[in-house]
Amino acid sequence: MSRYSAAEIEPKWQKAWDDSGVFKAIRDESRRKYYVLEMFPYPSGKLHIGHVRNYTMGDVIARYKMSTGYNVLHPMGWDAFGMPAENAAMASGGHPKDWTYKNIDQMRGQMKPLGLSIDWSREFATCDPEYYGQQQALFLDFLEEGLVYRKNAIVNWDPVDMTVLANEQVENGRGWRSGALVERRELAQWFFKISDFSEDLLSAIDKLDNWPAKVKLMQANWIGKSRGLQFSFETIDAPDEFKEIDVYTTRPDTLLGASFIGISADHPLARSLEVNSPEITAFNQGCRQMSTSEADMEKAEKNGIDTGIRVRHPLNPEWELPVWIANFILMDYGTGAIFACPAHDQRDLDFANKYELPVIDAFFSIDNEAPVSTKAFIPQKSEKVKWVNHFTGLDVATGQEAIYATIAHAEAHEWGKGVTNFRLRDWGLSRQRYWGCPIPVMHCPICGIVPEKKKNLPVKLPNDVSFDLPGNPLDRHPNWRNCTCALCGGAALRETDTMDTFVDSSWYFARFTAPRAETPTEQKDINYWMNVDQYIGGVEHAILHLLYSRFFCRGMQKTGHATEKNISEPFNALFTQGMVTHAIYKTTSEEDGRALYHYPEDVKLKDGKAFLKNSGNEVNIEPSAKMSKSKNNVVDPEMIIAQYGADTARWFVLSDSPPERDVEWTASGAEAAHKHIARVWSICCKIKELPENTGSENDLELMQEMHRTIRDVTLGIESFGFNAAIARLYAFTNKLSKSKASKLSQRNAVMTLAQLMSPMTPHLAEEIWSHQGGQGLIINAPWPVEDESMLVQTSIILPIQVNGKRRSEINVPKDLPNIDIERLALSQEAVRRSLDGNKPKKVIVVPGRIVNVVI
RNA sequence: GCCCAAGUGGCGGAAUGGUAGACGCAGGGGAUUCAAAAUCCCCCGAUGGUAACAUCGUGAGAGUUCGAAUCUCUCCUUGGGCACCA
C-alpha cells in the first residue's frame with residue numbers, strides 16, 4: 001500500500017484536466033447550460049482561506065453539474081480597480097497598475113493549485129482597457145438613454161490632502177492621513193438614475209425565488225417604499241422667499257402631536273438664515289463637519305438651534321410651532337424638513353426633552369392612558385390605539401387606518417396630498433480618483449458636456465502619473481486632460497472623475513459570456529449563457545452590489561445590450577456564504593503604543609494563552625473576526641496546500657460549518673480533514689488487495705447504505721448542505737471500512753464514494769477512480785443515481801413519549817395500522833408504569849414518526 | 001440609532017414542530033509495538049445512582065401546542081449592512 005502523496009497526485013490530475021480541456025466552456029445550443037459564478041475577488045495581494053471557501057463552494061456546484069450532464073460555464077476574473085492600489089502607491093511608491101497586475105499574477109498562481117474547474121481562457125481584470133473601454137461604451141449608451149445625469153452632491157472633503165475621502169477614511173470626523181477636520185463639500189457629480197426603477201426593483205424581488213429571504217428583505221427595506229403625506233406649513237417672520245415650508249411625513253396621523261418643525265442644515269431656509277446670524281452659521285458649519293455617513297449622523301449627539309421662525313399648524317392657524325435646525329435631518333430624503341412628534345418618536349422625544357419643547361400625546365394605548373415622558377409610545381402600525389380628538393373623527397383605530405384617513409382628509413380639504421416615496425437614492429458614480437474607469441465625456445467651453453465618440457474608446461488612463469502630491473493625478477496631468485471636442489473640434493477638457501468600482505462589478509457576469517467581444521456583449525453568447533444560474537458570495541454584498549447589478553441589467557435591456565432574452569434579473573439563485581474567521585493576536589508597540597497584530601503562524605498556543613514563537617512574549621487573544629489584512633489574522637492557503645494538499649483545504653472549508661455561516665479556521669480541523677483523505681485512500685488500497693470471491697451475506701447491507709448515501713449526498717450538494725453531505729460521507733466511510741462484504745461490492749462502494757467525494761476532493765477522487773480501473777476521468781463519469789428498491793425499509797423504530805417525554809421505543813413493521821401501534825405502545829413497561837393503572841387521556845400516533853401518550 | 005441575521009456539550013456543529021447532541025475535533029481508557037509514531041476498538045452534556053434509571057438542559061424571560069432548539073412576543077450578546085472599503 002502506497003502512502004497518499006497530494007504533492008505528486010494533485011499536479012498530475014490538474015494537468016490531465018488541462019490536457020483534456022474539460023473546463024473550457026463552449027456554447028452549444030443543443031446542450032443544457034449551467035452558469036455558476038462566485039463573486040470575483042479584489043486582487044489585494046494574497047489569496048486567503050476565505051477565498052478558498054468561496055471558490056470551493058462554486059467548484060462543488062460546477063463539478064456536480066458537469067457530472068449530471070450540464071454544459072457548465074465557470075469563469076474567473078478580477079475586480080481590479082479601487083483605492084488600495086492608490087494607497088499602496090502613496091505609501092510605498094510604484095504604480096497602481098503594476099501593483100494590481102503583480103497581485104493578480106500572485107493570486108492566480110495561488111488559485112491554480114486548488115484544482116478549480118475554471119475556464120481560465122475567459123479571465124479578465126476590470127482594469128484591462130479592453131474591459132473598461134466596453135464599460136465606457138455602456139456608459140455612453142446609458143447617457144443617451146437618459147439613465148445618467150449630473151447634479152451637485154455632498155462629499156467628505158479633506159482640506160489638507162485636497163481630496164475627497166471615502167467614509168472609511170474618515171475617523172472621528174478627521175481625515176485618516178492628514179488628521180484634518182473633514183468638511184462637507186458640494187461637488188458636481190455624475191449619477192445613475194436607479195430611482196427610475198425603484199418600483200420595478202422592489203416588485204421584482206418577489207420573483208427571486210432562489211434568493212435568501214433575508215437578502216430580499218434587506219433589499220426591500222433599502223428601497224423603502226412608503227406612502228406618506230406632503231403638505232406645507234405657512235411661516236411667520238421668515239424671509240420673503242420662504243412663505244411656506246414643505247414637509248413629507250409617513251406618520252401624518254400624528255399631526256396633532258406636533259411639537260416643532262425640524263429642517264436640515266442644508267435646507268435652503270437654513271442656508272439663507274446664515275447671512276444675518278453668526279450663531280446659525282456656526283451651527284450649520286458644525287453640522288457640515290460631520291462625515292456624510294448615515295451611521296455617523298445617527299450615532300452623533302442630537303443637536304439643534306432655534307431659528308426664531310414659527311409656522312402655523314395647518315389644522316389650527318392659532319397654533320404656532322417653532323422651527324429648529326437639527327443635525328439629524330437629511331436633505332436627501334423627502335423635503336429636508338419634518339414635523340416632529342416627540343410622543344411617538346424616540347429621537348424627537350430626546351430632542352424635545354433636551355430643548356424643553358412640548359410633548360403632546362396623539363394617541364394612547366387602549367388600556368393605559370399615561371402620558372409619554374422619557375420613553376416614546378411606538379406601537380405596531382397594526383395595533384389599535386385610542387386617539388385624542390382626532391380631526392378625522394377616529395376614536396379607536398390602528399395607526400395604519402389613521403394614516404389612510406389622514407391622507408384622505410388632507411386631500412379632501414386640500415391641505416396636503418398623498419405621496420409615494422422611496423428611500424432609494426440615485427447612485428452617485430463619480431470618484432475623484434485615478435485608479436478607476438475614466439468617465440468618457442469632455443467639457444467644451446462652447447458645447448458644454450460632450451460624450452466621447454465610441455470609435456475613440458477606450459479613453460485610457462495615462463500611465464505617467466505620480467502620487468506624491470495631494471489631489472487627483474488626473475487633475476494635474478499636463479496634457480491628458482486636453483482633448484478635442486467631439487462636436488465642434490475646438491479645445492476641450494476631459495472629465496477627470498472616474499467611475500465607482502461598483503460599476504465594474506455590475507456587469508462583469510455578462511461580459512464573461514463573451515469576454516473578447518468588440519461590443520460590451522455578444523447577443524448569441526449572452527442569450528445562451530445568461531442568467532447566472534448560481535451566484536455565490538458574501539452577505540456583505542446583499543444590498544449595494546446586488547442591487548446595482550439588478551439595475552445595470554435593466555439599463556442594458558433598455559440600451560439593447562441584452563435584447564433577445566430578458567436578463568433584467570441577472571442571478572437566478574443566490575447563495576450568501578459565511579466568512580472564515582480567526583482569532584486576532586495583538587500586542588502593543590513599546591515605542592509608540594500602537595497596536596501590533598501577529599500572524600497565526602507566528603503564534604504558539606498553550607493552555608488557552610498565546611505566545612510569540614520567536615520571543616516567547618504573551619500576546620492578547622481577541623475574539624475571532626473576519627480574516628483581514630489589517631488585523632493579520634489570516635491563514636495562508638499556500639502553506640496549507642504545501643503541508644496537506646488542496647483536497648485537504650477544500651474538504652476542511654466545507655466540512656465544519658454550514659456554508660452560510662462563518663467558519664472558524666482551526667489547525668486541528670485541517671489535520672482531521674487530512675487524516676480522512678489518507679484514510680479513504682488506504683481503504684481504497686486495501687480493497688484492491690482483497691481476494692476475489694463471489695458475494696457475501698453482507699453485500700446487501702453495504703449496498704443499501706451506499707444508495708442511502710447517494711441520496712443524502714446528492715440532496716446535500718443540491719441544497720448547499722455541504723457540511724451535512726460530508727458528515728454523511730464520513731458515516732459511509734466508517735461503514736465501508738468495517739464492511740465484510742465481497743470485493744465486488746466493496747469496489748463498487750469505494751468507486752461510488754470517490755464519485756460522491758469528487759466535487760469536494762477531485763484529485764483524490766480521480767486517483768481512486770484510476771486505481772480501481774474506472775473508465776476515463778471521473779469528472780466525465782455520470783453522477784451516481786440511487787436505486788429506489790435499495791432504499792425500502794421494512795421496519796421502523798418508533799419512539800414512545802408520555803406527555804412529550806421519551807420513555808421507550810418500539811420496533812414495528814413499516815405499515816402497521818395505527819390501532820396496533822397504539823396497543824403496542826400502551827403495553828410498554830415504561831408506559832404502564834407512568835399510567836399506573838389509569839386510562840390515557842389521548843394517544844397521538846404520528847405515522848412513521850412518533851407516538852405520544854397523554855395522561 | 002436604523003435594517004438583516006445568528007446564539008445548542010470543552011470546541012465546530014446535527015436535528016426546521018416529533019428520540020436534542022448525528023458527524024468531526026479535543027479529552028479519557030484499551031489493543032498493537034522493545035518503545036514511539038501511525039493505525040484500530042471502546043467511552044465521552046450536567047447532576048444523582050454500582051446499575052437500571054431519574055432530574056435538569058438548546059443566550060434570558062413569557063406564550064402557543066399532545067409535543068418547541070424549531071413558531072410568537074420582549075430582552076441580552078455577537079456578526080453583516082447603512083449609499084465613497086470591496
Side-chain angles (χ1 to χ4, degrees), chain A residues 39 41-42 44 79 81-84 155-156 164-170 189 212-215 217-222 224 291-300 302 328 332 346-347 350 423-433 500-502 504-505 538-545 547-548 576 578-579 581 623-626 652 655-658 660-664 666 668-669 671-673 675-676 678-679 682 721 723-724 726-731 734 737-738 797-809 830 841-844 846 848-855:
Chain A
M39 291 181 186
Y42 179 78
S44 57
D79 190 12
F81 275 133
M83 293 202 306
V155 296
N156 299 313
V164 176
L165 296 179
N167 283 331
E168 70 156 10
Q169 297 176 312
V170 180
Q189 307 262 291
K214 63 173 174 180
V215 173
L217 192 56
M218 278 191 264
Q219 291 222 349
N221 288 341
W222 185 261
S291 99
T292 57
S293 137
E294 193 180 319
D296 286 347
M297 290 183 71
E298 288 285 346
K299 272 184 266 181
K302 308 296 177 286
F328 58 85
D332 287 329
Q346 192 61 42
R347 191 170 56 182
D350 294 341
R423 207 184 76 96
L424 180 65
R425 308 202 290 261
D426 277 334
W427 170 12
L429 71 122
S430 286
R431 296 294 180 268
Q432 292 70 38
R433 285 183 240 288
D500 178 7
T501 56
F502 274 125
D504 312 335
S505 55
V539 70
E540 67 270 24
H541 294 291
I543 296 174
L544 294 178
H545 163 59
L547 191 61
Y548 290 159
T576 55
M579 296 171 302
T581 63
S624 252
K626 175 182 177 172
F652 173 73
S655 66
D656 251 16
S657 289
E660 69 277 11
R661 240 192 274 176
D662 293 350
V663 63
E664 165 94 13
T666 60
S668 61
E671 186 71 39
K675 272 187 194 169
H676 180 71
R679 184 169 175 231
S682 98
N723 58 325
I726 283 178
R728 199 64 187 76
L729 287 165
Y730 268 113
N734 288 340
S737 81
K738 287 173 193 167
I797 293 170
L798 277 185
I800 314 294
Q801 294 182 328
V802 176
N803 280 350
K805 280 189 202 260
R806 183 189 171 279
R807 294 292 150 170
S808 183
E809 63 183 31
K841 264 193 203 150
K842 199 164 151 192
V843 179
I844 293 156
V846 184
R849 310 272 351 198
I850 206 163
V851 180
N852 191 11
V853 181
V854 186
I855 58 176

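Just so you know, these numbers come straight off a predicted model, no measurement behind them. Convention: sequence-line order gives letters A, B, ...; per-chain numbering from 1.
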Whole-Å C1' distance, B/A15 and B/A52: 28 Å

Any N/O donor-acceptor pair, A/Asn221 side-chain to B/C3 base, under 3.5 Å: no

Interatomic distance, A/Lys675 NZ vs B/A37 P [rounded to whole Å]: 11 Å

Under 3.5 Å donor-acceptor pair, A/Gln432 side-chain atoms to B/C84 base atoms: yes

Partner nucleotide of B/G9 by Watson-Crick or wobble geometry (both distances under 3.5 Å): none

Which residue lies more 5' along RNA chain B, comparing A/Pro658 with A/Ser293 via nearest heavy atoms: A/Pro658

Residue matched to B/U16 through Watson-Crick or wobble contacts both under 3.5 angstrom: none

Counter-base of B/C2, judged by Watson-Crick or G-U geometry with both distances under 3.5 Å: B/G81

Between B/G59 and B/A14 - P atom distance, rounded Å: 14 Å

Between B/C85 (C1') and A/Met83 (CE): distance, integer Å: 6 Å

B/C73 - base-pair partner by Watson-Crick or wobble geometry, distances under 3.5 Å: B/G61

A/Val164 vs A/Arg679, nearer the 5' end of RNA chain B by closest nucleotide: A/Arg679

A/Trp222 side-chain proximity, nearest of B/A86, B/C82, B/C56: B/C82

Separation of the P atoms in B/G63 and B/A69, to the nearest angstrom: 15 Å

Polar side-chain contact A/Gln189-B/C84 base: donor and acceptor under 3.5 Å: yes

